[in-house]
Structures are given as structure tokens and as C-alpha cells.
A.B. asks: 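Before I ask anything, here is the structure I am working with.
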Amino acid sequence: MREGDGVERTRVGIVGAGPAGLVLATLLERAGIESVVLESRSRSYVEQRVRAGVLEHPTVELLRGIGVADRLDREGMPHEGISLRFGGGDHRIDFADLVGRGITVYGQQEVVKDLLADRVDGHRGPVEFEVSDVALHDVTTDAPSITFTDATGTDRTLRCDVVAGCDGFHGVSRTAIPDGLLRIAERTYPFSWLGVLARAAPTHDELVYAGHDRGFALYSMRSPEVTRLYLQVPPDTDAAAWSERQIWDELGTRLEADGFGLNEGELCEKPSVTGMRSRVVEPMRYGRLLLAGDAAHIVPPTGAKGMNLAIADVRVLADALVSLFEGGSETGLDAYSDTCLRRVWRAEHFSWWMTSMLHRFDDENDPSEFAGPFGRGLQLSQLRYTVGSRAAATSLAENYVGLPHEGTR
Ligand code: RFL
Ligand code: PHB
């Protein structure tokens with residue numbers, strides 16, 4: 001709604017059109033609550049950005065519940081297990097048998113495309129792309145606002161009741177909270193992942209997590225034509241220093257198992273290197289500013305939790321906002337941070353556990369408990385126990401497919 005002089009009003013100002021911002025906007029719209037989404041990148045950029053690929057069971061259910069899962073149901077690849085590969089052996093964790101649920105492999109950018117098609121092409125609510133100079137104001141009052149410059153260069157002001165900071169790890173929302181008020185828990189791992197996307201048909205139906213003596217490797221996929229693969233590399237690695245031949249050879253070595261072969265294919269984009277980090281910012285609320293997704297917490301990708309956590313946060317947030325706008329109750333907002341952080345810390349632990357069990361920690365100066373011969377012994381014991389004990393395998397399975405979502409209402 002325009003108020004004149006470049007001042008507009010909405011109920012919820014959402015910064016960031018990633019999974020957190022777009023799922024929040026959709027949940028609110030379905031509940032009849034107006035919002036405006038501000039995104040610094042272009043629509044085509046956010047639709048092409050290759051990131052996560054694994055949707056937890058509760059994430060799929062949520063996307064179905066808000067009516068944006070038609071293509072996901074047609075094109076997503078349901079998986080009923082994963083393999084852990086180590087010591088020359090392959091060990092399947094059978095999710096269907098252990099917990100009766102599975103995951104779906106469907107690219108994050110496909111989820112983003114589906115949400116944007118629903119909102120923008122379906123004329124259900126605004127998304128302002130290519131905004132700059134986003135700044136938050138008065139977030140400790142009940143009349144916060146956001147100033148920004150839009151794609152045409154016009155300075156605008158958005159007044160709202162609540163600001164949702166869904167702008168990811170490098171966003172500005174978190175910086176609106178004074179440093180002294182935040183507790184930051186962080187761990188940086190002494191390695192990165194080199195990721196490639198190859199036009200090559202997957203040769204195996206499920207994901208393979210390999211803990212090889214030369215380092216970790218992950219075999220994943222995006223579609224019946226596209227394979228997604230990762231290699232553990234040193235943290236300062238320049239992706240360009242790896243030739244395609246070296247990448248395929250190293251993947252072949254680390255993923256080797258009886259009867260397993262890789263289809264090689266043309267790379268769809270340049271290989272990328274991603275740092276591995278765990279980070280939690282507490283609390284996730286500062287007055288009428290609520291942080292969600294990567295803006296508040298990062299997990300290393302080994303547990304496939306980042307996008308799923310972002311979506312779980314905004315489900316809690318949407319419930320809290322419905323209570324605020326329908327009944328004037330702030331109880332949900334008051335509980336928001338604690339409710340989310342319970343799931344966040346579970347996912348932090350699971351992601352740290354998967355990471356520490358499967359990677360090679362070989363820096364002699366690495367003080368971590370997994371470096372050196374004692375650390376290797378612990379890793380191998382944990383891997384053997386996980387694949388050998390039904391109780392341990394069930395714990396991996398229920399975390400991987402996703403624990404049920406908590407609500408505040
Ligand atoms: P996003 O997706 O980063 O979205 C934030 C959005 O905010 C915009 N933005 C701004 N907009 C306006 N003003 C500003 N000042 C802004 N600053 C930033 C950005 O352009 C962007 O569009 O955060 P969100 O929504 O919290 O979603 C989080 C997920 O993207 C992230 O956790 C996952 O990608 C992590 N992740 C994985 N998660 C999974 O659940 N399963 C996986 O299998 C998985 N694999 C991965 C991953 C992340 C990876 N990388 C590249 C970090 C694999 C990799 C390699
Ligand atoms: C992916 O397909 O990109 C992917 C899958 C599982 C992970 C991380 C990334 O743990």
C-alpha cells in the first residue's frame with residue numbers, strides 16, 4: 001500500500017528471497033497476511049544459484065501443504081536410504097526400514113523457482129529484485145521500517161509491523177542487532193568442499209557418503225541426467241587448480257566400491273569451493289526483527305540440513321505472526337527464538353557429527369579430537385557402530401530424514 005513520497009506500508013517486511021524469505025511470504029499469504037520481499041539479486045540469479053539438493057520429509061510435507069509441490073512431486077527423486085562407504089566396504093542405511101520415511105532430492109533453486117512462480121507469476125504478492133542499500137530502522141519499536149533503493153534507482157521506505165531477516169549468511173539484518181546482545185557460537189573446519197555439477201546420468205540410485213583415507217567424497221544427483229559430486233579439499237584451495245581429469249580421478253578413487261562406477265560428463269558450471277563452518281547466533285529475535293535461516297545459523301553441508309532448517313524456522317515464525325495479527329498475542333514471538341534453537345542445535349550436532357565422522361583431519365597442528373591416530377580410531381569405531389547397530393543407524397536415519405516440525409500455536 002502506497003502512503004506517498006516513496007513510503008509504503010505492509011505487515012511484514014522480508015529481507016531476502018531465498019528459501020526462508022519465500023516460504024515465509026507464502027505461508028503468510030496463505031493466512032491472508034501481506035508482506036513485501038526485498039532481494040538484492042535478480043530473479044534469474046536466485047533461480048540459477050546451485051546449492052542444496054536434499055529435502056527432509058517435513059520440508060516436503062510443508063511445501064505440499066502450501067500448494068507449491070506439483071513439480072516437486074513430478075520431478076523430485078524420492079530416496080529411501082543413503083550409503084556410508086569406508087574401509088573398502090559399502091553400507092546402506094535403509095531409511096524406509098528404520099524410520100518409515102525418506103528424503104527427496106530436488107534442487108534448492110527448483111524450490112525457489114516454484115515459490116517465485118507462485119508468488120510473482122501468480123500475482124499473490126510483491127518481490128522487489130535488485131534492491132540495494134537496504135537498512136533497517138526502529139526495530140525495537142512496534143513500527144519498524146526498511147529503507148532501500150529499488151532496481152530503478154528510486155529510494156523507498158517500507159513501513160511494517162515486523163521485519164523478517166532472511167538474508168542469509170552475508171546479509172545486513174543481523175548487523176542491525178548490537179554486537180553485545182548476540183551470543184555467537186562458531187566452529188570452522190580445517191577443510192572445504194570442491195563441488196561439481198556434471199551432465200552425466202547417475203549410476204547409483206542413492207547418495208553415497210565416502211570416508212576415504214584420502215579424504216571425504218559425496219556422490220549426489222539433481223535429476224536423471226545430472227550428477228552432483230563433492231570432494232574434501234584443503235581450505236585455501238583454488239578450484240581452478242584442479243583439472244577436470246584430476247577431479248574425476250579423485251572422485252573415482254574415493255568413491256570406489258565393488259560394482260560401482262561413475263559416469264563422467266561435461267561440467268555444467270565451473271567447480272566451486274565452499275568453506276565448512278558451524279555457527280549459531282542467539283537470540284534470533286531483537287524487538288520486531290526476527291532472524292531466520294542462514295542469517296542466524298550455518299551448518300556444514302554434510303548433514304544436508306541448511307535449507308531444511310531455514311524452512312523449519314519460518315514455519316515457526318509464520319505461526320507466531322498469525323497469532324500476533326489475528327489475536328494480538330506476542331506469545332509466539334516471545335517463544336520464537338527458543339523454539340527454533342532447539343531444532344537448530346539438534347541439526348548443528350548432527351551436521352558436526354556427520355562431518356567429524358567422515359572427513360580426514362590430517363593437519364598435525366589441528367587440535368581437534370579427530371586428528372592423529374587416536375582421532376582416526378574414533379572415526380572408524382563410530383562408522384562401524386553406525387552401520388552395525390540398528391539403534392545407531394536409526395539415530396542417523398531419523399535425523400537425516402528430519403525430526404517433526406515444532407509449532408508455537
Ligand atoms: P539464502 O538462500 O542465502 O537466501 C538469502 C537471500 O538474501 C539475499 N540477500 C539480500 N537481499 C536483500 N538485501 C540484502 N542486503 C541481502 N543480502 C543477501 C541473497 O541474495 C539471498 O537470495 O538463505 P536462506 O533462505 O536462509 O536459505 C539457506 C540455504 O540457502 C542454505 O542453508 C543451504 O543452501 C545450505 N546447503 C544445503 N542445505 C540443505 O538443506 N541441504 C543440502 O543438501 C545443502 N547442501 C548447502 C548445500 C549449501 C552449500 N553452499 C554453497 C553454501 C551444499 C552447498 C555446497
Ligand atoms: C547436494 O546434492 O548438493 C548435497 C547432498 C547432500 C549433502 C550436501 C549436498 O549432504
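This one's a predicted model, so the numbers in the text were calculated from it and none came from an experiment. Note that the numbering runs from 1 along the sequence shown for the chain. We count ligands from 1, going down the list as the structure has it; atoms in each ligand are counted the same way.
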A.B. asks: Which heavy atom of the protein is the closest neighbour of atom 18 (C) of ligand 1, given with residue, atom name and distance?
C.D. replies: Asp167 O, 3.2 Å

A.B. asks: Tell me which protein heavy atom sits closest to atom 50 (N) of ligand 1, plus the residue, atom name and distance to 0.1 Å.
C.D. replies: Thr274 CG2, 3.8 Å

A.B. asks: Please produce the table of protein N or O atoms sitting under 3.5 Å from N or O atoms belonging to ligand 2, one pair a line, distance to 0.1 Å.
C.D. replies:
unit_1   : atom_1 : unit_2 : atom_2 : d
ligand 2 : 2 (O)  : Ser220 : OG     : 2.6
ligand 2 : 2 (O)  : Arg222 : NH1    : 2.7
ligand 2 : 3 (O)  : Arg222 : NH2    : 2.8
ligand 2 : 3 (O)  : Tyr230 : OH     : 2.6
ligand 2 : 10 (O) : Tyr209 : OH     : 2.7
ligand 2 : 10 (O) : Pro301 : O      : 2.7
ligand 2 : 10 (O) : Thr302 : O      : 3.3

A.B. asks: Identify the closest protein heavy atom to atom 1 (P) of ligand 1: which residue and atom is it, and at what distance?
C.D. replies: Arg51 NH1, 3.4 Å

A.B. asks: Going by the closest heavy atom to atom 26 (O) of ligand 1, which one wins out of Val131, Asp294, Leu136?
C.D. replies: Asp294

A.B. asks: Which part of Val46 is near ligand 1, with near meaning a heavy atom under 4.0 Å away: side chain, backbone, both or neither?
C.D. replies: side chain

A.B. asks: Can you tell me if His359 uses its side chain to pair, donor with acceptor, with the backbone of Thr355 under 3.5 Å?
C.D. replies: yes

A.B. asks: With backbone taken as N, CA, C and O and side chain as the heavy atoms from C-beta onward, which portion of Val134 lies under 4.0 Å from ligand 1: side chain, backbone, both, or neither?
C.D. replies: side chain

A.B. asks: Step by step, would you call Asp167 with Leu38 a side-chain contact (heavy atoms from CB on, under 4.5 Å)?
C.D. replies: CA-CA 9 Å; Asp167 47 354; Leu38 304 177; over 6 Å; no

A.B. asks: Polar-atom distance check: Pro301 versus ligand 1, any N or O pair below 3.5 Å?
C.D. replies: no

A.B. asks: Among Ala17, Ser220, Gly171, whose heavy atom sits nearest atom 17 (N) of ligand 1?
C.D. replies: Gly171

A.B. asks: To check your reading of the model: name the closest protein heavy atom to atom 25 (O) of ligand 1, its residue, and the distance in Å.
C.D. replies: Ala20 N, 2.9 Å

A.B. asks: Can you confirm, on distance only, whether ligand 1 has an N/O atom lying under 3.5 Å from any N/O atom belonging to Pro19?
C.D. replies: yes

A.B. asks: Is Lys305 touching ligand 1 with its side chain, its backbone, both, or neither, if touching means heavy atoms under 4.0 Å apart?
C.D. replies: backbone

A.B. asks: Checking contacts here: is it the side chain or the backbone of Val15 that comes within 4.0 Å of ligand 1, counting heavy atoms only? Could be both or neither.
C.D. replies: side chain

A.B. asks: What do you reckon, does Gly195 put a non-hydrogen atom under 4.0 Å from ligand 1?
C.D. replies: no

A.B. asks: Would you mind running through ligand 1 and noting each atom that sits below 4.0 Å from a heavy atom of Gly18?
C.D. replies: 2 (O), 4 (O), 6 (C), 22 (O), 25 (O)

A.B. asks: Under 4.0 Å, heavy atoms only, figure out whether ligand 1 is touched by the backbone of Cys166, its side chain, both or neither.
C.D. replies: backbone

A.B. asks: Quick test: of every protein heavy atom, which one is nearest to atom 47 (C) of ligand 1, and how far off is it to 0.1 Å?
C.D. replies: Ala52 CA, 3.7 Å

A.B. asks: Atoms of ligand 1 less than 4.0 Å from Val172 heavy atoms?
C.D. replies: 15 (N)

A.B. asks: Any nitrogen or oxygen of Tyr230 lying under 3.5 Å from a nitrogen or oxygen in ligand 1? Just yes or no.
C.D. replies: no

A.B. asks: Answer yes or no for Arg254 and Tyr219: cation-pi contact, defined as NZ/CZ to six-membered ring centre under 6.0 Å and angle to ring axis within 45°.
C.D. replies: no

A.B. asks: At under 4.0 Å between heavy atoms, is it the side chain or the backbone of Ser40 that contacts ligand 1, or both, or neither?
C.D. replies: both

A.B. asks: Do Gly168 and ligand 1 have an N or O pair less than 3.5 Å apart?
C.D. replies: no

A.B. asks: Could you list the residues that satisfy salt bridge (charged side-chain N to carboxylate O under 4.0 Å, His left out) with Arg228, not counting sequence neighbours?
C.D. replies: none

A.B. asks: Among protein heavy atoms, which sits nearest to atom 21 (C) of ligand 1, and what does the distance come to when rounded to 0.1 Å?
C.D. replies: Arg49 NH2, 3.2 Å

A.B. asks: From the options Gln108, Met307, His297, Arg41, select the one whose nearest heavy atom is closest to atom 34 (O) of ligand 1.
C.D. replies: Gln108

A.B. asks: Report the nearest protein non-hydrogen atom to atom 6 (C) of ligand 1: residue, atom name, distance rounded to 0.1 Å.
C.D. replies: Glu39 OE1, 3.6 Å

A.B. asks: Using a strict cut-off of 4.0 Å, indicate which atoms of ligand 1 neighbour a heavy atom of Gly293.
C.D. replies: 26 (O)

A.B. asks: Any idea which protein heavy atom is nearest atom 35 (C) of ligand 1, and the distance to it?
C.D. replies: Gly306 CA, 3.9 Å

A.B. asks: Measure the shortest side-chain to side-chain distance between Arg183 and Val281 over non-hydrogen atoms and say whether it is less than 4.5 angstrom.
C.D. replies: no

